[in-house]
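Note sheet for the following structure.
Scope of the values below: all heavy atoms of this structure, side chains included, with no hydrogens, waters or symmetry mates.
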Amino acid sequence: MTSPHPATSRTRVLQLLSEGHAALDVARRVGIPPSTVYRWRRSLDTPDEPSPARDRVQELEAELLLHRRTIDALSDVMPPKDVTR
């Protein structure tokens, strides 16, 4: 399937995104739907080079796992409070 947008638009979009412009601003500036800009930006992410957001998600998942393990370890040492009051 071919894109209804010229190749120059995609090149311009990717250039503006790499310069740090927001996707919505780029879409307005180039005159294409924001969903297209987001899709083109996603196509830049390769498994070898994860996006900063993906890095942050992985960091938070690792932190969550650490907290869950800490809670499990503490629950073995410290019994839960009496909940039958």
request  = Answer whether the closest heavy-atom distance between the side chains of Leu65 and Glu61 falls below 4.5 Å.
outcome  = no
message = Measuring only between side-chain heavy atoms, which start at C-beta, is Leu60 closer than 4.5 Å to Glu63?
response = yes
ask   = Where is the tightest heavy-atom contact between Ala23 and Tyr38, given as atom of each residue plus distance?
value = CB-CE2, 3.3 Å
query = Just how far is it from atom CD of Glu59 to atom CZ of Arg56, taken to the nearest 0.5 Å?
reply = 4.5 Å
ask   = Salt bridge or not for Arg28 and Asp25, using N-O below 4.0 Å?
value = yes
ask   = Does the side chain of Arg29 reach to within under 4.5 Å of the side chain of Val26, using non-hydrogen atoms?
value = no
message = Between Trp40 and Ile32, is there a side-chain heavy-atom distance shorter than 4.5 Å?
response = yes
inquiry  = Would the distance check show the side chain of Ser75 and the main-chain N or O of Ile71 forming a donor-acceptor pair, the cut-off being under 3.5 Å?
reply    = yes
